[in-house]
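Written below as structure tokens is the structure these notes are about.
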Amino acid sequence: MQRSNQSRLKLLALGLAVLGLAACNERPANEAERTAAAAANKVAELAETARDKTRAFVTSPETKRDAEAVKDAIENAGTAAMAGIDDAAITLSVNKALARDPELSTSRIEVKTQRGVVHLKGPAPSAEAKARASELAGSVQGVTTVDNGLEIKAM
């Protein structure tokens, strides 16, 4: 029985403490409403200012110029990447064409391509083989010019 009374007293004391704290923190309803309304107005004002500044930034000549520069850079990067892919395909095709020729297939011809210009370097067994290397390289789709730097060396 004594335990039961002690538990009840503790519970009652705890309840009174909670009610006391709640009473200390209560504000009059009007004051709380005014504070909430002022905070809401401030938030709305800040949101409107942020919107206006964002709109001004996005429509500014500097931002438009920067966006155009980024667009150009992306296009240039894409063009350069495609040119690199095209050059690699041209180099591969020229190597295949040279490998099919009986006199050129065993020689060590280095093929490099830059923007459609094929550079041939290395030995050629004869003047005719050197000329044929130019013809073969020039017949590959995408080749604009052949720079034939082959040296005639008897093999």
Distance-only donor-acceptor hits, side chain of residues 59-66, under 3.5 Å, sequence neighbours excluded:
residue	atom	partner	partner atom	Å
Thr59	OG1	Arg55	O	2.8
Ser60	OG	Phe57	O	2.9
Ser60	OG	Thr63	N	3.2
Ser60	OG	Thr63	OG1	2.9
Thr63	OG1	Phe57	O	2.7

N/O donor to acceptor pairs below 3.5 angstrom from side-chain atoms of residues 89-96, sequence neighbours left out:
residue	atom	partner	partner atom	Å
Thr91	OG1	Asp87	O	3.0
Thr91	OG1	Thr113	OG1	2.6
Ser93	OG	Ala89	O	3.1
Asn95	ND2	Thr91	O	3.2

Let me have the donor-acceptor pairs involving side chains of residues 129-143, under 3.5 Å, with sequence neighbours excluded, atom names and distances please.
residue	atom	partner	partner atom	Å
Lys130	NZ	Leu150	O	3.1
Arg132	NE	Asp101	OD2	2.5
Arg132	NH2	Asp101	OD1	3.4
Arg132	NH2	Glu103	OE1	2.6
Ser134	OG	Asn148	ND2	2.6
Ser139	OG	Leu136	O	2.7

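Shortest non-hydrogen contact noted between Val118 and Val111 is CG1-CG1, 3.9 Å.
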Given Asp147 and Leu120, is the side chain to side chain contact (heavy atoms under 4.5 Å, CB included) satisfied, shown in steps?
-> CA-CA 6 Å; Asp147 174 27; Leu120 302 175; over 6 Å; no
Glu68 and Lys71: CA distance, side-chain angles, deciding distance, salt bridge (Lys or Arg N to Asp or Glu O under 4.0 Å) verdict = CA-CA 5 Å; Glu68 193 65 32; Lys71 178 182 150 234; 3.3 Å; yes
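Under the side chain to side chain donor-acceptor pair (under 3.5 Å) criterion, Thr145 pairs with no residue at all, not counting sequence neighbours. Qualifying side chain to side chain donor-acceptor pair (under 3.5 Å) partners for Glu48, counting only residues two or more places apart in sequence or in other chains: none.
Atom CD of Gln114 is surrounded by 12 or fewer heavy atoms from other residues, nucleotides or ligands within 6.0 Å.
Hydrophobic side-chain contacts under 4.5 Å tie Ile152 to no other Ile, Leu, Val, Met, Phe, Trp or Tyr residue.
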